[in-house]
Colleague: 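Before I ask anything, here is the structure I am working with.
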Amino acid sequence: MESITQLENPAEQPEVETASTYALKPGVLILPFDSSTRHATHQVIGAGRRIAVNGAGAALFEFLRTPRTGAEVEEYASGRGLKSGPPIRDVLTRPPYSHFVTNAAPGEEPATAAPNQPAPKQSMPWLFVRFQILPARAVAIMARWFEGLFASRGAAAALLSIVAAHLYLFLSGDYSHRYAGTLTSNQWLTVVGGVYAALLFHELGHAAACSRFGSRVGGIGFGLYMIWPVLYADVSDSWLLPRRQRAIVDLSGIYFHLLVSSASVALAAVTHNGAFVVISKSIILATIINLNPFLRFDGYWLLTDVTGIPNIGKAMSQFWRYMLKRVSGPRGPVAVPELLCIPRHLQALFAVYCVATLWFFGYLLLRISYAVPRLVATTPQRFREFWLAATLNPTALTTLKSALLLLLFLAGILQMSLFFWRRLTQGYFALGSAAKHFRKQSETE
């Protein structure tokens, strides 16, 4: 969710015709949001987007449920201390506010808001590609089957089985045994099927938690995030829940994932099939990766909901811009960033998080810049291996496996290259913007 705590935008914007009318778009909802900031926070939902605004911003949106002229909007903003920088009517015509407000020319009537419309789905812009594999109706039905796992007795029994199964896995020595090098082709098919079934069950866990707390459940789909293919569940309506329940929704995917791991350990003990041990080990590794708080995995959303900051990345950007303006000597009022409106202990946490995030992405970029040239250099060899397997026995399972590995290899190179290029261009434009700001500041002095 985007977090906008004050209506402000850079100055030097063109004037907008005062006689134009402004109104909230049909279906836009304004609801309370449980956050950790000292001021009241609301969420504005509509047009496939959600943003968080303070009380004054929410009141302005409510004011626009009836079409208003530009003069009326400016008068309302002046009386409530919302005038900072450019005219408010200009701000409303630019993103993110333009997604919720219509701006009709003189003589036209903007559409009025339709009450009691369902909240739209989250756009999830961080996914490069996404498509649905299970519709919302099917997910809602399956989620209701597993709601009992969130009741006191069901959760206690499930957590006890998770702890017992994984203690057995580690104490029996099966975890340290290298089964992967001895598996047959059929066992590898079992591993691949089990791993992806576990991922699907992971996403169903998020949906089941939402259903348990009475929140609307969306579909489950497949997407590409940075350099990783991922499954996702549309649980955007969980933003309407209290923070404690949102945190449970975040953890429920790992909870269901570990249940599959426990079942795999039990099957391995009964059948003595190493494929089930490999499935369990892959789930444990996926759980560790999912707890990463720097990428938009479960750990990131858990940190978001525990701390009550709806968009940590945007909040950090606001903080660094604020510090830059303070250091360079700001002209006019400077909006206090969201990270300075939270309790002191959370401010200390985010100070560490900001530094750790810079280190993590810097390390990731270095690793990718080192890996991509080497992978590109080995591409001809990969094609030769595939061609040799295909010509020797085109119908064999090894040929299919070679084709799949080649496809994954090429997709990995493409995704890493795109990630590396995007980060480089973002850094270039950020440095250019900072240099332009300091140059203007020195000219005015």
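The first residue in the sequence is number 1, and the count goes up from there.
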Colleague: Within a strict 4.5 Å, meaning less than it, do heavy atoms of the Asp250 and Thr304 side chains meet?
Modeller: no

Colleague: Any donor and acceptor pair, going by atom type alone, linking the side chain of Ser211 with main-chain N or O of Ala207 inside 3.5 Å?
Modeller: no

Colleague: With side-chain hydrogen bond (donor to acceptor under 3.5 Å, both in side chains) as the test, would you mind laying out the steps for His202 and Asp298 before giving the verdict?
Modeller: CA-CA 11 Å; His202 174 113; Asp298 291 342; 2.9 Å; yes

Colleague: Looking only at atom types and distance, does a side-chain atom of Ser261 sit under 3.5 Å from a main-chain N or O of His257, one as donor and one as acceptor?
Modeller: no

Colleague: Just wondering, do His206 and Ser238 contact through their side chains at under 4.5 Å, heavy atoms?
Modeller: no

Colleague: Is any side-chain heavy atom of Phe297 closer than 4.5 Å to a side-chain heavy atom of Ile289?
Modeller: yes

Colleague: Between Gln187 (side chain only) and Thr184 (backbone N and O only), is there a donor and an acceptor less than 3.5 Å apart?
Modeller: yes

Colleague: Can you tell me how far the CD atom of Gln43 sits from the CZ atom of Arg50, to the nearest 0.5 Å?
Modeller: 5.5 Å

Colleague: If you define the side chain from C-beta out and look only at heavy atoms, does anything of Ile312 sit under 4.5 Å from Leu303?
Modeller: yes

Colleague: Is there a side-chain contact between Tyr300 and Asn292 in this structure, where contact means two heavy atoms from C-beta onward sitting under 4.5 Å apart?
Modeller: no

Colleague: Go through the steps for Arg144 and Glu147 under the test salt bridge (charged side-chain N to carboxylate O under 4.0 Å, His left out), then give the verdict.
Modeller: CA-CA 5 Å; Arg144 285 195 289 271; Glu147 285 185 8; 5.8 Å; no

Colleague: Between Thr41 and Ser35, do the side chains contain an N or O donor and an N or O acceptor separated by less than 3.5 Å?
Modeller: yes

Colleague: Would you call Leu267 and Asn273 a side-chain contact if the rule is heavy atoms closer than 4.5 Å?
Modeller: no

Colleague: Rounded to the nearest 0.5 Å, what's the gap from CD1 on Ile283 to CD1 on Ile254? Could you check?
Modeller: 12.0 Å

Colleague: Just by modelled atom types, is the Ala23 backbone N or O under 3.5 Å from a matching donor or acceptor in the Thr102 side chain?
Modeller: yes

Colleague: Do Glu62 and Ile30 touch side chain to side chain, with heavy atoms closer than 4.5 Å?
Modeller: yes

Colleague: Distance from Ile284 atom CD1 to Ser280 atom OG, nearest 0.5 Å?
Modeller: 4.0 Å

Colleague: Where is the tightest heavy-atom contact between Leu134 and Met142, given as atom of each residue plus distance?
Modeller: CD1-CE, 3.6 Å

Colleague: For Phe201, which residues count as a ring pair (Phe, Tyr, Trp, His ring centres under 6.0 Å) partner, sequence neighbours excluded?
Modeller: Phe146, Phe256

Colleague: Can you check side-chain contact (heavy atoms from CB on, under 4.5 Å) on Val265 and Phe276, steps first, answer last?
Modeller: CA-CA 7 Å; Val265 172; Phe276 294 111; over 6 Å; no

Colleague: Search all heavy atoms of Ala269 against all heavy atoms of Tyr168 and return the closest pair with its distance.
Modeller: CB-OH, 3.8 Å

Colleague: So do Ile248 and Phe213 actually touch side chain to side chain, heavy atoms under 4.5 Å?
Modeller: yes

Colleague: For a side-chain contact (heavy atoms from CB on, under 4.5 Å) check, start with the C-alpha distance between Leu31 and His42, then their side-chain angles and the critical distance, and finish with the verdict.
Modeller: CA-CA 6 Å; Leu31 301 168; His42 298 75; over 6 Å; no

Colleague: Would you sort out whether Ser236 and Asp234 count as a side-chain hydrogen bond (donor to acceptor under 3.5 Å, both in side chains), showing the intermediate values?
Modeller: CA-CA 6 Å; Ser236 53; Asp234 179 12; 3.0 Å; yes

Colleague: Counting distance only, does the side-chain N/O of Glu203 pair as donor-acceptor with the main-chain N or O of Ala233 below 3.5 Å?
Modeller: yes

Colleague: Nearest heavy-atom pair of Ala247 and Val306: which atoms, and what distance?
Modeller: CB-CG2, 4.4 Å

Colleague: Under a 3.5 Å distance rule, please check whether Tyr353 uses its side chain to pair with a backbone N or O of Pro293 as donor and acceptor.
Modeller: yes

Colleague: Side chains of Ser98 and Thr93: do they bring a donor and an acceptor to under 3.5 Å?
Modeller: no

Colleague: Does the ring center of Phe150 lie less than 6.0 Å from the ring center of Tyr255?
Modeller: yes

Colleague: Once you round to the nearest 0.5 Å, how far does CG of Leu199 lie from CZ of Phe222?
Modeller: 10.5 Å

Colleague: Would you check, one step at a time, whether the test salt bridge (charged side-chain N to carboxylate O under 4.0 Å, His left out) holds for Asp34 with Arg243?
Modeller: CA-CA 6 Å; Asp34 184 5; Arg243 277 196 288 158; 3.6 Å; yes

Colleague: Measure across Val217 and Cys210 and return the closest heavy-atom pair with its distance rounded to 0.1 Å.
Modeller: CG2-CB, 4.1 Å

Colleague: Looking at Phe63, I'd like to know if the NZ or CZ of Arg68 sits under 6.0 Å from its six-membered ring centre while staying within 45 degrees of the ring's axis.
Modeller: yes

Colleague: Got a donor-acceptor contact below 3.5 angstrom from the Ser282 side chain to the Ile279 backbone?
Modeller: yes

Colleague: Please identify each residue that fulfils ring pair (Phe, Tyr, Trp, His ring centres under 6.0 Å) with Trp359, with sequence neighbours left out.
Modeller: Tyr363

Colleague: Stepwise, does the side-chain contact (heavy atoms from CB on, under 4.5 Å) test hold for Tyr97 with Leu64?
Modeller: CA-CA 12 Å; Tyr97 308 105; Leu64 294 176; over 6 Å; no

Colleague: Does the pair Phe350 and Phe319 meet the rule for a ring-ring contact (aromatic ring centres under 6.0 Å, His included), with working shown?
Modeller: CA-CA 11 Å; Phe350 275 108; Phe319 173 76; 9.8 Å; no

Colleague: Please name the pair of heavy atoms, one in Ala158 and one in Leu259, separated by the smallest distance, quoted to 0.1 Å.
Modeller: CB-CD2, 3.8 Å

Colleague: Quick one: pull up OG1 in Thr307 and CG in Leu302 and give me the separation to the nearest 0.5 Å.
Modeller: 9.0 Å

Colleague: Could you go step by step and tell me if Ile45 and Val28 meet the side-chain contact (heavy atoms from CB on, under 4.5 Å) rule?
Modeller: CA-CA 6 Å; Ile45 310 168; Val28 173; over 6 Å; no

Colleague: For the atom pair CG (Asp305) and CG (Leu241), what is the distance rounded to the nearest 0.5 Å?
Modeller: 9.5 Å

Colleague: Between Ser262 and Ser161, does a side-chain hydrogen bond (donor to acceptor under 3.5 Å, both in side chains) hold up when you go through it step by step?
Modeller: CA-CA 7 Å; Ser262 302; Ser161 68; 4.9 Å; no

